[in-house]
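Have a look at the structure below before the remarks.
Reckoned from all heavy atoms, side chains included, excluding hydrogens, waters and symmetry mates.
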Amino acid sequence: MTFPTCHERDAAVVRAPDSSEVRPLVVADRGSLATFHLAAGQVSAAVAHRSVEEVWYVVAGRGHMWRAAADAKEPDHGEVTVLEPGVALALPVGTRFQFRAEPDSSLHIVGVTMPPWPGDDEAVVVEGRW
C-alpha cells in the first residue's frame, strides 16, 4: 500500500474557479487538502460550491471573507469575517463566498474539501460583495 504524501513546494499550481492560486496536496477517499494563496490586494471571484463543503485555516496574511447563504437575495446579506493567522472557518455546501487580501498582505490558507474536489464545474460564479 502507498500512502498519499506531498510537500507543498512540489505541488502543481492551478488557478481555482474563484481566481485564487491553489496547490492541491493530498487526495484521500473522503476529502482532499490544498493550500490557497491570494496576492496582496487581490479579490477573488465570488463562487458557490455545488456538492462539496470546505474547512479553511488561515496560516499567514490578512484579509476578509464574505459568506452568505445560498438563498441570500443581496450581496450585502451574509457576514464578513476577518482573516488572520489562526482563524478557521467553514464553507457549507451552497454557501456563496468571496475573499480578499489586504493591500499590504497576501493570504496563505490551508483548506480541506469534503468529499474530494470533483472538478472545474463544481464551483458556480455568483454575485459577490466586492
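In this structure, E127 and R96 have side chains that are in contact, with non-hydrogen atoms separated by less than 4.5 Å. Looking at E21 and F36, their side chains never come closer than 4.5 Å, going by heavy atoms from C-beta outward. At a threshold of 4.5 Å between non-hydrogen side-chain atoms, the residues L25 and E8 count as touching. Annotation: side chain of P24 is not in contact with side chain of S32 (no heavy-atom distance under 4.5 Å). In this structure, the side chains of E53 and T95 stay at 4.5 Å or more apart for every pair of heavy atoms. Proximity of Y57 to V87: side-chain heavy atoms (C-beta onward) are nowhere separated by under 4.5 Å. Considering only heavy atoms from C-beta on, S106 stays 4.5 Å or farther from L38 through its side chain. The shortest side-chain heavy-atom distance between V124 and R50 falls under the 4.5 Å cut-off.
W130 and V125 fall into different hydrophobic clusters, where Ile, Leu, Val, Met, Phe, Trp and Tyr are joined by side-chain heavy atoms under 4.5 Å apart, directly or via other members. Tracing side-chain contacts under 4.5 Å through hydrophobic residues (I, L, V, M, F, W, Y), one reaches V14 starting from I109; they form part of the same cluster. V126 and V43 end up in different hydrophobic clusters when Ile, Leu, Val, Met, Phe, Trp and Tyr side chains are linked at under 4.5 Å. Neither V26 nor W117 shares a network with the other; the hydrophobic side chains, linked directly or stepwise wherever heavy atoms of I, L, V, M, F, W or Y lie under 4.5 Å apart, form separate groups for each. By the rule that hydrophobic residues join a cluster once side-chain heavy atoms approach within less than 4.5 Å of another member, L89 and V58 end up as members of one cluster.
No donor-acceptor contact under 3.5 angstrom links the side chains of R100 and S44, judged on distance only. Side-chain contact of H37 with R23: a donor-acceptor pair under 3.5 Å is present, judged by distance alone.
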- Message: side chain to side chain contact (heavy atoms under 4.5 Å, CB included) for T81 and H64? Distances and angles first, verdict last.
- Response: CA-CA 6 Å; T81 302; H64 294 87; over 6 Å; no
- W56 and V110: side chain to side chain contact (heavy atoms under 4.5 Å, CB included), yes or no, with the steps? CA-CA 6 Å; W56 286 17; V110 174; over 6 Å; no
- Item | Stepwise ring-ring contact (aromatic ring centres under 6.0 Å, His included) test for F97 and H49 | CA-CA 9 Å; F97 69 96; H49 294 156; 5.2 Å; yes
- Query: What do the steps show when you test R15 against V22 for side chain to side chain contact (heavy atoms under 4.5 Å, CB included), and what is the final call?
  - Reply: CA-CA 6 Å; R15 190 65 57 187; V22 180; over 6 Å; no
- Worked check of side chain to side chain contact (heavy atoms under 4.5 Å, CB included) between R67 and L91: CA-CA 8 Å; R67 290 176 286 175; L91 299 165; 3.6 Å; yes
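In terms of modelled atom types and a separation under 3.5 Å, the side chain of E122 and the main chain of S51 share a donor-acceptor contact.
Within a 6.0 Å radius of CG in D120, no more than 12 heavy atoms belonging to other residues, nucleotides or ligands are found. Crowding of D121 atom CG: a count of heavy atoms from other residues, nucleotides or ligands under 6.0 Å exceeding 12. In R30, the CZ atom is not crowded: 12 or fewer heavy atoms of neighbouring residues, nucleotides or ligands sit closer than 6.0 Å.
When all heavy atoms are compared, the tightest approach of P4 to V27 is CG-O, 3.9 Å. Shortest non-hydrogen contact noted between W66 and G128 is CZ3-CA, 3.9 Å. Closest approach of A45 to P17, counting heavy atoms only: CB-O, 4.3 Å. Pairing each heavy atom of P85 with each of G61, the nearest pair is CD-O, 3.2 Å. Nearest heavy-atom pair, V47 versus A123, reported as atom, atom and distance to 0.1 Å: CB-CB, 4.3 Å. F99 approaches S20 most closely through the heavy-atom pair CZ-CB, 3.7 Å.
Among the candidates R129, Q98, M65, the single residue satisfying the side chain to side chain contact (heavy atoms under 4.5 Å, CB included) test with V80 is R129.
Taking the charged nitrogens against the carboxylate oxygens, R62 and E102 have no contact shorter than 4.0 Å, which rules out a salt bridge.
The line from CG of L83 to CG of L107 is 5.5 Å long, rounded to the nearest 0.5 Å.
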